[in-house]
Structures are given as structure tokens and as C-alpha cells.
Amino acid sequence: MMTQQQPLYSEKEILADALTAEKTATTHYNQFANECMHQGVRNAILDCLDKEQAIQQDVFQMMHAKGFYPTPAAQSQKVEEAKQKFSQCAQQF
């Protein structure tokens, strides 16, 4: 008689691990791009970074949709304060 084994990891654990891996990958690709002298290599790294960020966003959206990564709604006043703060920062450059 064959019994069905329970999975070793839950879907939430698998997705959380995938999200952590993507966050780590994007951090490293960003660092590599910042320290790269050869423009062709830098462009290739930036392309990888862009692809990894897209994957990270997909995993995050999947986790959020399943309720594994809830994000509280921001208060509109806090959103406006952040927009003003970063708008001022951008104008300084």
C-alpha cells in the first residue's frame, strides 16, 4: 500500500525562500554593476539585474496575493509626506 507523503516544505516556505534568494541576487547584481569598469560587462550585469528584479516582483506579488506577505495600506498623509520628501531630494540633484 502506497501512502502519500506530506511535502517537506509548505508553499509559503518555498515562496519565502525564493523571495529571499531573489533579494540576495538583486543585491549582488547591483553591487557588481556599481563596481564594473567594462561597459559591455556592466550592461550584461544590468540586464541580469533587471530580469532578477522582475522575478522578485513576481514572487512578491504571488506571496501577497496568497496572503503570505501582507502589506498594510499606507495612510494618505504619510504617502504625501514621502512624495514631498523624495521630490525635494530629486530637485537637489
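Worth saying up front: this structure is predicted, and the values here are computed from it rather than measured.
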Output for pair (S76 OG, E81 CD), nearest 0.5 Å, gives 10.0 Å
Single-linkage hydrophobic cluster, 4.5 Å side-chain cutoff, I14 and L19 together:
no
On a heavy-atom basis, the closest approach of T26 and L49 is O-CD1, 3.5 Å
On a heavy-atom basis, the closest approach of I45 and C36 is CD1-SG, 4.5 Å
- Task: Take D58 and M62 through the test side chain to side chain contact (heavy atoms under 4.5 Å, CB included) and record every step on the way to the result.
- Result: CA-CA 6 Å; D58 289 345; M62 188 181 305; 5.9 Å; no
dist Y29:OH -> E22:CD (nearest 0.5 Å) comes out at 9.5 Å
Separation between NZ (K66) and CD (Q61), nearest 0.5 Å, reads 13.0 Å
Item to check | More than 12 heavy atoms of other groups within 6.0 Å of Q77 CD | outcome: no
Residue Y69 excluded, over 12 heavy atoms near OH under 6.0 Å: no
Is there a path from F68 to I55 through hydrophobic residues (I, L, V, M, F, W, Y) whose side chains come within less than 4.5 Å of each other?
-> yes
Chi angles and distances behind the side chain to side chain contact (heavy atoms under 4.5 Å, CB included) call for D17, E13: CA-CA 6 Å; D17 187 56; E13 291 171 317; over 6 Å; no
For V59 and L15 the tightest heavy-atom approach is CG1-O, 3.6 Å
Closest heavy-atom pair, K12 versus M63, reported as atoms and distance to 0.1 Å, is O-CE, 4.4 Å
